[in-house]
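Worksheet for the structure shown next.
Protein chains get the first letters and strands the later ones, always in sequence-line order, with residue 1 at the start of each. Worth knowing before you read on, the calculation uses all heavy atoms, side chains too, and leaves out hydrogens, waters and symmetry mates.
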Amino acid sequence: MKQRNRTTTSIVAGSATALLLAGCFSGNVSDEAADIQVSRDLTDEDITLTLTYIDEPPTEALIEGFEEEHPNISIDTTQIPFTDYIKSIQRSMDSSSAPDIVQFNPGAMRSLIPAGLVRDLTPYQEEYGWDDTFPPSMLEAFRTSEDAKQFNTGNLYATPGALSVLGVFYNKDLLDEAGISSPPETIDAFEEALSDLDAHDIQPFIVGGLEIGGFQLWNALADSLSDVEEYKDWVYGADDASIETEGALQAATYIESWVEEGYISQGASSVSDSDALAAFSDGEAAFFVTGNWNAHALSQSLGDSVGFFPMPGESPDSPHVASGSSVAFSISASSDHPNEAAAFLDYLATPEAAQIQVDVGFMPVDTEADIDADGLTTEVVDGFALINEGAGIVPFADYATPGMFDELVSGVQGIITETATPEDFLDQLQSEWDSYHG
Amino acid sequence: MASTPVPVRGRGSKRPFRAPTKALLYILPAAVVYGFFAVWSGLTTVYLSFFEWDGLQTPGFVGLANYLNVFSDPKLYGSIVHALVLIIFFSMIPVMLGLILTALLMGRVRKGMTFFRTVFFLPQVLPLVAVGITWRWMFAENGLVNQFLNGIGLGAITRAWLGDHSLALIALGIIGTWCMTGLCMVLFLSGAQKIDPALYEAATIDGAGAVRRFFSITIPGLRGEVTVATVITTIAALASFDLVYVTTDGGPANQTTVPGLLVYRLAFNQNDIGNASAIAVVLTILVIIIVSLIRALFKEET
């Protein structure tokens with residue numbers, strides 16, 4: 001009875017939301033702000049910008065840093081939980097009191113950009129020279145066509161304010177026990193390490209297949225084994241792109257054989273990400289593929305015994321590449337202070353901001369800045385620098401279409417439960433891709 | 001009884017003509033809330049199910065295309081099949097277990113009766129999200145269920161139950177059974193109290209044993225409660241969402257998706273309001289059909 005009521009309520013609430021949204025069918029673009037000259041000269045008057053975001057950290061710390069440099073500009077913030085963000089931001093951007101700056105979210109932007117509610121930042125990109133201050137691979141995900149279906153093409157709509165990166169965390173004590181002296185530098189050495197660990201009765205992997213852990217393992221492997229340009233074409237939605245490539249297949253085949261060998265548990269599909277984190281923290285497995293967002297928790301629980309390396313490729317010289325995401329910011333088309341908002345976006349690539357980004361647990365935008373850090377953080381930041389010197393950061397595979405996330409999670413579960421082949425998995429991803437982009 | 005005259009009220013008094021307006025006025029606040037949040041939003045859902053809409057841009061009319069999707073996409077109709085399977089675990093088994101527990105607990109006053117009633121009803125009081133997470137841990141590879149199986153020498157069949165391709169739906173169903181049995185039992189126990197004890201006495205004198213009394217007196221006497229329990233639990237099975245969301249999230253490989261979960265995913269993850277509405281409408285119609293069938297089945301033959 002309880003359950004029924006609650007479910008009905010959520011459906012009703014959903015319909016009610018739909019109802020409220022029904023009032024905003026038309027994307028009424030405000031032209032008032034259009035006559036403000038694009039400039040690096042900022043106002044001397046005291047002004048207040050509004051900013052709506054999901055992720056804290058890093059947002060508040062970055063704003064604090066910016067306000068210190070610009071005492072006459074203050075930024076008022078509204079934080080919205082991730083699960084409510086898309087619908088909330090869609091409504092507020094279409095209202096007369098739209099925030100000046102909003103955190104970029106691909107799901108929301110797919111409707112907001114075509115509706116003309118997000119400012120094209122190309123003039124600021126030229127004015128500030130963002131092509132030089134931001135690493136080029138970091139801006140790709142925020143360039144998009146006018147229908148916002150294809151990315152890495154067209155105009156710029158956001159700049160990143162802090163980054164996350166996917167890689168391999170390892171338990172140094174367990175590797176020592178198996179006689180492995182240094183983290184593997186090639187995928188073959190990685191597989192050898194797995195077999196050595198298994199021979200010493202150490203569980204090689206912990207994978208949180210219930211949520212994002214499973215697809216992130218595949219994603220990390222696919223990044224390192226695929227042709228980067230082919231992967232980018234696919235994830236950004238370029239015409240006729242395909243994920244049915246040799247590298248992506250190889251990545252899925254590795255997972256299949258690691259499950260067969262027992263390196264990955266067949267029951268991984270019911271392990272949540274937090275369960276996986278807890279198990280790795282307790283020293284139950286040697287490797288854990290996840291992002292820097294878990295680094296703080298891991299260095300708390302494992303201290304000096306935890307290390308980090310980017311997923312290796314075919315050879316030690318293969319350029320490093322890894323999936324990552326950014327906390328990025330866009331400016332609303334109706335903002336009265338686009339120049340000042342753009343100054344905030346520019347600030348994100350400064351060395352001062354870089355230190356703040358690392359301090360609050362993220363990867364820096366300015367990868368060349370001298371960062372003051374210790375322990376595991378240094379290892380992760382070094383790994384991130386390697387990736388940026390290599391082929392750079394690419395989006396997670398769920399960036400490809402709005403429905404891709406569910407296909408990735410359920411598809412990898414198919415491989416883990418040995419009910420789907422690597423070919424089936426890629427075919428499933430591609431049909432989702434085709435139904436959106438085709 | 002004394003013969004004090006009782007003042008007659010209602011009939012014959014001056015008030016009945018004003019009553020309808022007044023009654024409507026009392027109903028109004030609740031009716032407005034219900035009308036807006038249930039009826040109006042329900043109708044909007046039906047309306048939106050004929051459109052392709054991302055929640056922001058101008059919706060495009062697509063006729064019945066969303067409904068064709070529901071019946072042609074194996075992921076969508078698969079979720080309806082799963083919900084039907086869950087009826088066995090959420091409804092049929094709990095009603096049977098509830099009747100058995102009633103037979104064991106009713107009538108005789110034993111030590112600790114309240115304790116048993118409380119324990120069996122407890123799942124109804126706990127938030128389902130907590131229930132789901134706890135069961136997820138119990139079903140995990142090193143969880144309580146497998147420890148128990150190892151302990152009794154069944155180590156060979158242990159597995160991550162909710163991560164098993166063919167058994168995850170059944171494992172999920174067992175959680176549902178655990179939740180719903182107590183509800184059925186409490187309904188039946190309260191119903192059993194209104195059965196005339198004289199019937200049991202007469203049956204005992206006629207030589208009927210406990211089993212016979214249960215089938216001939218208790219079960220017919222509980223017809224109304226059984227109908228209510230079946231309807232409530234069946235709706236819980238068809239409209240399940242929270243339990244599935246926290247235990248398997250539809251996995252592994254879409255083996256435990258239910259319509260409620262897909263409505264949520266389509267509407268809020270994928271901005272596909274049209275298809276989400278179509279599934280919601282199909283689910284509602286399905287609930288109405290199945291509930292009508294149950295009511296017809298249990299109808300008293302008079």
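- The contact between B/Thr247 and chain A is made entirely by backbone atoms, counting heavy-atom distances below 4.5 Å.
- Of the two parts of A/Ser111, the backbone and the side chain both hold a non-hydrogen atom closer than 4.5 Å to a non-hydrogen atom of chain B.
- Residue contact with chain B, scored on non-hydrogen atoms closer than 4.5 Å, is absent for A/Ile415.
- Taking a 6.0 Å sphere around OH of B/Tyr245, one finds it holds 12 or fewer heavy atoms contributed by other residues, nucleotides or ligands.
- Residues B/Ala160 and A/Ser270 approach most closely at CB-OG, 3.6 Å, considering heavy atoms.
- To the nearest 0.5 Å, the span separating NE2 on B/His165 from CD on A/Glu418 amounts to 11.5 Å.
- Within 6.0 Å of CD in A/Glu146 there are 12 or fewer heavy atoms belonging to other residues, nucleotides or ligands.
- At most 12 heavy atoms of other shown residues, nucleotides or ligands fall within 6.0 angstrom of atom CZ in A/Phe82.
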Working for side-chain contact (heavy atoms from CB on, under 4.5 Å), residues B/Trp137 and A/Asp275: CA-CA 9 Å; B/Trp137 289 338; A/Asp275 294 346; 3.1 Å; yes
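- In the displayed structure, A/Glu256 atom CD is contacted under 6.0 Å by more than 12 heavy atoms of other residues, nucleotides or ligands.
- Contact count versus chain B (heavy atoms, under 4.5 Å) is highest, among A/Gly414, A/Ser265, A/Gly107, A/Gly411, for A/Ser265.
- Pairing each heavy atom of B/Asp249 with each of A/Leu210, the nearest pair is N-CD1, 4.4 Å.
- Rounding to the nearest 0.5 angstrom, the gap separating the CD atom in B/Gln255 from the OG atom in A/Ser269 is 10.5 Å.
- Counting heavy atoms from C-beta on, the side chains of A/Gln90 and B/Asn271 come closer than 4.5 Å.
- Note on B/Asn254, B/Asn142, B/Ile133, B/Asp272: by heavy-atom pairs under 4.5 Å with chain A, the leading option is B/Asn254.
- Residue B/Phe139: no heavy atom, backbone or side chain, is found under 4.5 Å from chain A.
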Can you give each donor-acceptor pair under 3.5 Å made by side-chain atoms of residues 400-409 of chain A, sequence neighbours left out, with the distance rounded to 0.1 Å?
from	atom 1	to	atom 2	distance (Å)
A/Thr401	OG1	A/Gly403	N	3.3
A/Thr401	OG1	A/Met404	N	3.0
A/Thr401	OG1	A/Glu432	OE2	2.7
A/Asp406	OD2	B/Gln270	NE2	2.9
A/Glu407	OE1	A/Gln428	NE2	2.8
A/Glu407	OE2	B/Lys75	NZ	2.4

After noting the C-alpha distance and the side-chain angles of B/Asp164 and A/Gln266, does the key distance pass the side-chain contact (heavy atoms from CB on, under 4.5 Å) rule? CA-CA 8 Å; B/Asp164 188 284; A/Gln266 251 201 326; over 6 Å; no
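- Residues B/Arg136 and A/Ser272 bring a donor and an acceptor atom of their side chains to less than 3.5 Å of each other.
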